[in-house]
Undergrad: 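First the structure, then my questions, so here it is.
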Number of protein chains: 2
Amino acid sequence: MPLRQADVLQGAMELLDEDGLDELTTRRLAQRLGVRAGALYWHYPSKAALLDALADRIIGEMLTQPPADGQDWPDRLRDLATRARTTMLAHRDGARLLASFTAPPPNALAFFGSLTDTLRSAGADDRAAHLGADVVTSFVNGYTLEEQARQAAVLPLEQRDATFRLELDIVIAGIRVQLLG
Amino acid sequence: MPLRQADVLQGAMELLDEDGLDELTTRRLAQRLGVRAGALYWHYPSKAALLDALADRIIGEMLTQPPADGQDWPDRLRDLATRARTTMLAHRDGARLLASFTAPPPNALAFFGSLTDTLRSAGADDRAAHLGADVVTSFVNGYTLEEQARQAAVLPLEQRDATFRLELDIVIAGIRVQLLG
DNA sequence: ACCTGAACACCGTTCAAGT
DNA sequence: ACCTGAACACCGTTCAAGT
């Protein structure tokens, strides 16, 4: 039976997890799927489009669990930020892939929206909610990119978890003081 | 006269600024320098090593001006963070290049050291100084990477400057509350 | 509708050989 | 000491032609 777009995406995900972003070439992906490289261009217009779709699928994994209720806004921000980091770490080169998309795909907007919603429900206006969501996003992406590229091989996970938590609490404390004072 | 390592690095810098990281190939660089691609391997053992050296040269630009005296620690942090962002923005794909080195080169360690020094002089112990420097670094890198990849083309600089400043002040307020309280 | 075959215009890297 | 020439093993992409 012929390949479908979902099969191509699934194969790309597996190849990423097994061999990393640098080994995720159109030729190696085609070989794994049992076709020639040119065939991929029937399903996606370019490799960049395929990587965008892959990034969006990974971001989608951050959105699966519904928010626990009874969380106050700092717990909710911690939950979202932790989920973002954990999901990126769960895929080889995840942070680097997510830094590479051209325009923010749908799930990226949805995830950002859950950050701004959290802050608005805590009393922030639109501008403050956007600033707070943005500073959390920049911090988590910058931290995880560095962590996955250079620290994951040398520091144990519990230690990195603890450091992330402490630095995240610095950002959240800053949001409280500057935006929700 | 023959090429020297510094000439290769200079050519790489110019090619980066003119055409961007994706166009900075060994073959195009060699052509600009009037040699064949293989000749570069006499000066650098690999393209990765050349990019590391280029990243370190750019980070070095953040360290040129001595610290203004009479600054308190928040002003000094703001100065360092702003200098980091400005320097990355001054080179095409600067943030992406600086996210790509394998091990932190000398100037990266020196820059991080000036952040920790600032926090220690404000009364932080070693652990707190490290956490504070790290959260600033992660935020600035994450922010500028996103900015240079997707916002620089669509938002005016003054607006991006203002947003960066506001978000940086969130991080600094968090450091004050969590680490220097 | 989906894919092959074959090509095009590239990459980074190596290394004997030249000067 | 520094570089050429030529090769090796790759890339992403296009597209007529096949089924």
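The basis for the numbers below is simple: all heavy atoms, side chains too, and nothing from hydrogens, waters or symmetry mates.
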Undergrad: In whole angstroms, how far is the P atom of C/dG12 from the CG atom of B/Asp52?
TA: 15 Å

Undergrad: Rounding to an integer number of Å, can you tell me how far A/Leu21 CG sits from D/dC11 P?
TA: 13 Å

Undergrad: Would you mind checking if B/Arg76 and B/Asp72 are paired as a salt bridge, meaning a charged N to carboxylate O distance below 4.0 Å?
TA: no

Undergrad: Please figure out whether A/His43 or A/Arg27 has its closest DNA chain C nucleotide nearer the 5' end.
TA: A/His43

Undergrad: Does any nucleotide pair with D/dA16 by Watson-Crick or G-U wobble geometry, both distances under 3.5 Å, and what is it?
TA: C/dT4

Undergrad: Show me the donor-acceptor pairs, under 3.5 Å and distance only, between side chains in residues 156-174 of chain B and residues at least two apart or in other chains.
TA:
from: B/Arg160; atom 1: NE; to: B/Leu155; atom 2: O; distance (Å): 2.9
from: B/Arg160; atom 1: NH1; to: B/Glu147; atom 2: OE2; distance (Å): 2.9
from: B/Arg160; atom 1: NH2; to: B/Leu155; atom 2: O; distance (Å): 3.4
from: B/Asp161; atom 1: OD1; to: B/Arg85; atom 2: NH1; distance (Å): 2.9
from: B/Asp161; atom 1: OD1; to: B/Arg85; atom 2: NH2; distance (Å): 2.9
from: B/Thr163; atom 1: OG1; to: B/Gln159; atom 2: O; distance (Å): 3.1
from: B/Arg165; atom 1: NE; to: B/Asp169; atom 2: OD2; distance (Å): 3.2
from: B/Glu167; atom 1: OE1; to: A/Val135; atom 2: N; distance (Å): 3.4
from: B/Asp169; atom 1: OD1; to: B/Arg78; atom 2: NH1; distance (Å): 2.5

Undergrad: Determine the interatomic distance between P on C/dA9 and the same-named atom on D/dC10; round to the nearest Å.
TA: 22 Å

Undergrad: Quickly work out the A/Leu33 CG to C/dC2 C1' distance and round it to whole Å.
TA: 13 Å

Undergrad: Starting from P on C/dC11, measure out to CG on B/Leu40 and report it in whole angstrom.
TA: 12 Å

Undergrad: Measure from the side-chain heavy atoms of A/Thr26 and tell me the nearest of C/dC3, C/dT13, D/dG12.
TA: D/dG12

Undergrad: Nearest of D/dA1, C/dT4, C/dT13 to any side-chain atom of B/Trp42?
TA: D/dA1

Undergrad: Phosphate oxygens OP1/OP2 of C/dT4: is one of them under 4.0 Å from a side-chain N or O of A/Arg36?
TA: no

Undergrad: Are A/Glu23 and A/Arg92 close enough for a salt bridge, meaning some N to O gap below 4.0 Å?
TA: no

Undergrad: Work out which heavy atom in B/Ala81 is nearest to a heavy atom in B/Val136; give both atom names and the distance.
TA: CB-CG1, 4.2 Å

Undergrad: What nucleic acid atoms does A/Arg28 come within less than 4.0 Å of, heavy atoms only: base, sugar-phosphate, or nothing?
TA: sugar-phosphate

Undergrad: Write down the distance between CD (A/Gln31) and C1' (D/dC10), rounded to a whole number of angstrom.
TA: 13 Å

Undergrad: D/dA1 P sits how many Å from B/Gln5 CD, rounded?
TA: 15 Å

Undergrad: When you measure from the side chain of B/Pro2, which nucleotide among C/dC3, D/dC2, C/dG12 comes out closest?
TA: D/dC2

Undergrad: Looking just at side-chain N and O atoms, do B/Arg36 and B/Gln31 make a donor-acceptor pair shorter than 3.5 Å?
TA: no

Undergrad: Roughly, in whole Å, what's the span from CG in A/Leu50 to P in D/dC11?
TA: 15 Å

Undergrad: Using the closest heavy atom to pick a nucleotide of DNA chain D for each, name whichever of A/Gly38 or A/Glu23 lands nearer the 5' end.
TA: A/Glu23

Undergrad: Give none if D/dA9 has no partner; otherwise give the nucleotide forming a Watson-Crick or G-U wobble pair with it, both distances under 3.5 Å.
TA: none

Undergrad: In this structure, how many angstroms lie between the P atom of C/dC3 and the CZ atom of A/Arg4, rounded?
TA: 11 Å

